[in-house]
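Just below is one structure, and these are the notes that go with it.
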Amino acid sequence: MAISPILLLAILSLIYGNGVLPIEATHHVYRNLQTLSSDSSDQPYRTAYHFQPRKNWINDPNGPMRYKGLYHLFYQYNPKGAVWGNIVWAHSISNDLVNWTPLDHAIYPSQPSDINGCWSGSATILPGGKPAILYTGINPNKHQVQNLAIPKNMSDPLLREWVKSPKNPLMAPTSSNNINSSSFRDPTTAWLGKDGYWRVLIGSKIHTRGMAILYKSKNFVNWVQAKQPLHSAEGTGMWECPDFYPVLDNKGPSTIGLDTSVNGDNVRHVLKVSLDDTKHDHYLIGTYDIAKDIFTPDNGFEDSQTVLRYDYGKYYASKTIFEDGKNRRVLLGWVNESSSVPDDIKKGWAGIHVSFDSSIS
Ligand SMILES: *[C@@H]1O[C@H](CO)[C@@H](O)[C@H](O)[C@H]1NC(C)=O
Ligand SMILES: *[C@@H]1O[C@H](CO)[C@@H](O)[C@H](O)[C@H]1NC(C)=O
Ligand SMILES: *[C@@H]1O[C@H](CO)[C@@H](O)[C@H](O)[C@H]1NC(C)=O
């Protein structure tokens with residue numbers, strides 16, 4: 001259905017009038033447009049190949065994983081409209097990372113630790129093959145905290161239902177840990193050290209120093225903050241959606257991916273962060289000292305102009321997974337196609353995901 005000029009005028013006046021609130025987290029908040037749905041049949045810009053739901057807004061890919069041969073992709077999704085808002089973890093499955101089938105929403109606000117929002121996070125496959133999701137919840141005080149969800153029924157290959165830990169939140173800003181409750185989000189996939197401790201990173205900042213806060217746990221439920229962040233850099237602002245993984249250190253280009261917990265000789269590490277200030281995904285290559293839990297990049301953020309980016313167009317909030325069996329690492333990220341809000345509402349959707357595969361180089 002085409003939008004009538006009068007409706008369009010009404011929309012424009014909402015956008016340029018009182019409807020726009022300043023930024024909440026990363027996204028503009030268009031309160032009055034969050035539940036305005038349209039089903040346009042004229043869709044010249046829909047992609048034939050990249051991931052996108054049938055309609056509405058998407059942003060970050062969340063918790064991608066392969067389970068019993070099926071790919072699972074969760075994503076920040078507004079079920080009610082084509083601008084950011086009402087965010088849930090929508091869920092789709094695929095055999096080939098190209099053709100996707102949507103399932104019911106997997107994670108949505110339901111307990112105090114996420115009652116004001118279920119934001120980005122990652123999946124970790126625990127020993128024995130059991131997936132666990134860590135994600136950011138927004139609590140009744142609008143503080144950002146980290147929560148755990150696990151599959152309700154491990155025999156369901158589609159992993160349709162997820163249950164949240166009654167111990168949530170597992171990581172939270174407190175009066176003693178000096179964590180900014182508005183800047184504490186997006187847990188990574190966890191990795192396991194030889195000492196038996198799981199490690200996970202949470203994006204954060206103190207003033208303008210961006211950082212990846214490190215937490216450790218033996219049982220994936222009780223998490224203790226490390227004394228220092230894994231890495232931080234002055235002047236970079238908020239680090240969203242960190243991603244941290246090993247790569248093979250050989251001379252030429254390598255197509256082989258490594259499991260997230262691999263370390264040792266011939267291994268280097270990549271730390272990727274999504275800079276909220278610039279809206280780009282930057283990455284550093286360096287050395288990870290797991291005894292000290294410190295990452296030292298070869299070249300850091302001192303000159304942010306020269307820091308490598310995954311992509312030099314629009315590419316943000318990306319995340320990788322290691323695919324056992326195929327020995328490859330797959331990267332998925334959000335492309336914010338940046339059409340105007342009236343255009344998004346007219347076409348009925350916003351955002352696509354684009355993925356890359358280390359075995360194709
Ligand atoms: C778990 O999933 C399996 C496979 O879909 C199904 O047969 C079984 O009934 C489910 N169990 C429960 C308790 O829902
Ligand atoms: C905490 O984060 C919020 C949101 O970005 C920011 O407005 C505030 O200045 C931060 N406080 C400090 C001490 O960094
Ligand atoms: C997405 O595009 C809009 C419109 O161009 C822009 O305001 C916003 O900052 C972009 N966000 C990201 C993460 O690229």
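In listed order, ligands and their atoms are each counted from 1.
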Exercise. Which atoms from ligand 1 have a heavy atom of Asn153 less than 4.0 Å away?
Worked result: 1 (C), 2 (O), 3 (C), 8 (C), 10 (C), 11 (N), 12 (C), 14 (O)

Exercise. Looking only at protein heavy atoms, which one is nearest to atom 5 (O) of ligand 2, and how far off is it?
Worked result: Lys205 NZ, 3.0 Å

Problem set entry | Sub-4.0 Å atoms of ligand 3 with respect to non-hydrogen atoms of Tyr316 | 13 (C)

For this session: Considering heavy atoms of the protein only, find what lies nearest to atom 4 (C) of ligand 1 and give residue, atom and distance to 0.1 Å.
Result: Ser155 O, 3.5 Å

For this session: State the atoms of ligand 2, each with its element, that fall below the 4.0 Å cut-off from a heavy-atom position in Ser182.
Result: 2 (O), 3 (C), 4 (C)

For this session: Determine yes or no for a side-chain-to-main-chain donor-acceptor pair under 3.5 angstrom, with Asn139 supplying the side chain and His143 the backbone.
Result: yes

Exercise. Would atom 14 (O) of ligand 2 count as contacted, meaning some protein heavy atom under 4.0 Å?
Worked result: yes

Problem set entry | Protein heavy atom under 4.0 Å of atom 9 (O) of ligand 2 | no

Exercise. Is a salt bridge present between Lys205 and Asp276, judged by a nitrogen-to-oxygen distance below 4.0 Å?
Worked result: no

For this session: List every atom of ligand 3 that sits less than 4.0 Å from any heavy atom of Trp334, numbering the atoms from 1 in the order shown and giving each element.
Result: 13 (C)

Exercise. Is any side-chain N of the basic residue among Arg329 and Glu323 closer than 4.0 Å to the acidic one's carboxylate O?
Worked result: no

For this session: Describe, in one word, how the ring planes of Trp89 and Phe74 are oriented to each other, choosing from parallel (under 30°), tilted (30 to 60°) and perpendicular (over 60°).
Result: tilted

Problem set entry | Arg268-Thr287 side chain donor-acceptor pair, cut-off 3.5 Å | yes

Exercise. Between Asp293 and Arg199, is there a salt bridge with N-O shorter than 4.0 Å?
Worked result: yes

Exercise. So which of Asn180, Ile206, Thr208, Ile179 gets nearest to atom 1 (C) of ligand 2, if we judge by its closest heavy atom?
Worked result: Asn180

Problem set entry | Salt bridge present between Lys218 and Asp195 (N-O < 4.0 angstrom) | no

Problem set entry | Lys/Arg-Asp/Glu bridge criterion (N-O < 4.0 Å) met for Asp104, Arg160 | no

Problem set entry | Asp156 contact mode with ligand 1 (heavy-atom cut-off under 4.0 Å) | both

For this session: Answer yes or no: does an N/O atom from Asn336 fall short of 3.5 Å to an N/O atom of ligand 3?
Result: yes

